[in-house]
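Here's the structure we're looking at; comments come further down.
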Amino acid sequence: MIDLDASLSGEMFAHVRVILGMIVALACARLLNGFSQLIQSSATRSYMLIQTGWTIYLFFSLLSFWWFQVQLSQLDLWRFNHYIFLIFYVSLYFFICVFLYPDKVEPGSQRDEVLIRRRKIFFLLLILLSSTDIIDTLFKGIHYFQYLGSYYLLHESMFIILALIAVFVRNRYFHLSFVLFAIIEEIIWTARQYSVMS
């Protein structure tokens with residue numbers, strides 16, 4: 001008889017990785033598809049900068065997510081709540097990508113203006129994503145969390161605070177500055193911590 005309450009071995013990660021990879025692929029496809037349509041549109045290029053910036057940020061963030069989830073293969077035991085949590089985590093990426101590139105946009109709309117008008121849900125989803133990343137890091141073990149150091153919490157905290165401000169601010173220059181900061185910080189963080197997978 002199968003014990004449904006039993007923990008599963010670390011080999012379970014190969015099984016989990018399949019569905020994670022499918023959702024990551026869907027999110028990447030949404031980003032690349034949306035961006036290809038964006039650059040083919042007749043919209044003024046200067047009004048696509050914010051959306052382009054978040055596309056770059058999310059693309060790098062998705063690649064980082066996929067690369068570093070391999071650390072989960074080191075978990076000795078797997079439980080169903082870990083599995084559900086990871087599906088929720090990666091699904092957040094997909095929903096953010098769908099929100100960045102919705103199925104329908106009014107013809108002639110300035111894409112950055114549409115994003116700024118709908119900013120509350122977008123940035124709240126990004127806040128939820130960063131918060132989920134902290135929990136995911138704890139799932140990998142307290143030693144892994146300590147290995148990342150205090151800069152990790154600073155990195156995530158700064159992003160959450162700026163995203164919270166972005167929920168309430170409509171200023172286009174703030175949003176341009178924020179997305180530029182987010183891209184640079186993501187590159188620095190990745191290069192600092194993960195240039196070589198140990």
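Keep in mind that the numbers below use all heavy atoms, side chains included, and drop hydrogens, waters and symmetry copies.
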Return the [atom1] to [atom2] distance between [X] and [Y], rounded to the nearest 0.5 Å.
X	Y	atom1	atom2	answer
Thr132	Leu86	OG1	CG	10.5 Å
Leu58	Cys97	CG	SG	5.0 Å
Phe60	Ile187	CZ	CD1	5.0 Å
Thr55	Leu100	OG1	CG	4.5 Å
Arg17	Met22	CZ	CE	14.5 Å
Leu148	His143	CG	NE2	13.5 Å

Heavy-atom neighbours of Ile121 CD1 exceed 12 at 6.0 Å: no

Any donor-acceptor pair under 3.5 Å linking the side chain of [X] with the backbone of [Y]?
X	Y	value
Arg119	Ile116	yes
Arg30	Phe94	no
His155	Ser150	no
Ser130	Ile127	no

Ring pair (Phe, Tyr, Trp, His ring centres under 6.0 Å) evaluation trace for Phe123 with Trp54: CA-CA 11 Å; Phe123 289 111; Trp54 284 116; 5.7 Å; yes

Under 4.5 Å between any side-chain heavy atoms of [X] and [Y], yes or no?
X	Y	result
Asp133	Phe65	no
Arg118	Pro102	yes
Tyr101	Gln51	yes

Steps toward side chain to side chain contact (heavy atoms under 4.5 Å, CB included) verdict (Ile165, Phe174): CA-CA 10 Å; Ile165 293 169; Phe174 170 82; 3.6 Å; yes

Considering all heavy atoms, the nearest [X]-[Y] contact:
X	Y	value
Met48	Leu38	SD-O, 3.6 Å
His175	Ala166	CE1-O, 3.6 Å
Cys28	Phe59	SG-CE1, 4.2 Å

Residues Ser131, Ile135; criterion side chain to side chain contact (heavy atoms under 4.5 Å, CB included); working and verdict: CA-CA 7 Å; Ser131 304; Ile135 298 168; 5.6 Å; no

Worked check of side chain to side chain contact (heavy atoms under 4.5 Å, CB included) between Leu129 and Tyr93: CA-CA 8 Å; Leu129 183 71; Tyr93 274 109; 3.7 Å; yes

Give every donor-acceptor pair under 3.5 Å between a side-chain atom in residues 176-183 and any protein atom, sequence neighbours left out.
| from | atom 1 | to | atom 2 | distance (Å) |
| --- | --- | --- | --- | --- |
| Ser177 | OG | Tyr173 | O | 2.8 |

Phe95/Phe122 under ring pair (Phe, Tyr, Trp, His ring centres under 6.0 Å): CA gap, chis, key distance, verdict: CA-CA 9 Å; Phe95 290 125; Phe122 181 74; over 10 Å; no

Verdict with supporting geometry, Tyr89 and His82, ring pair (Phe, Tyr, Trp, His ring centres under 6.0 Å): CA-CA 10 Å; Tyr89 183 8; His82 292 161; over 10 Å; no

Check: Phe159 ring centroid to Tyr57 ring centroid under 6.0 Å: yes

Full working for side chain to side chain contact (heavy atoms under 4.5 Å, CB included) between Tyr152 and Phe145: CA-CA 8 Å; Tyr152 169 71; Phe145 192 84; 3.9 Å; yes

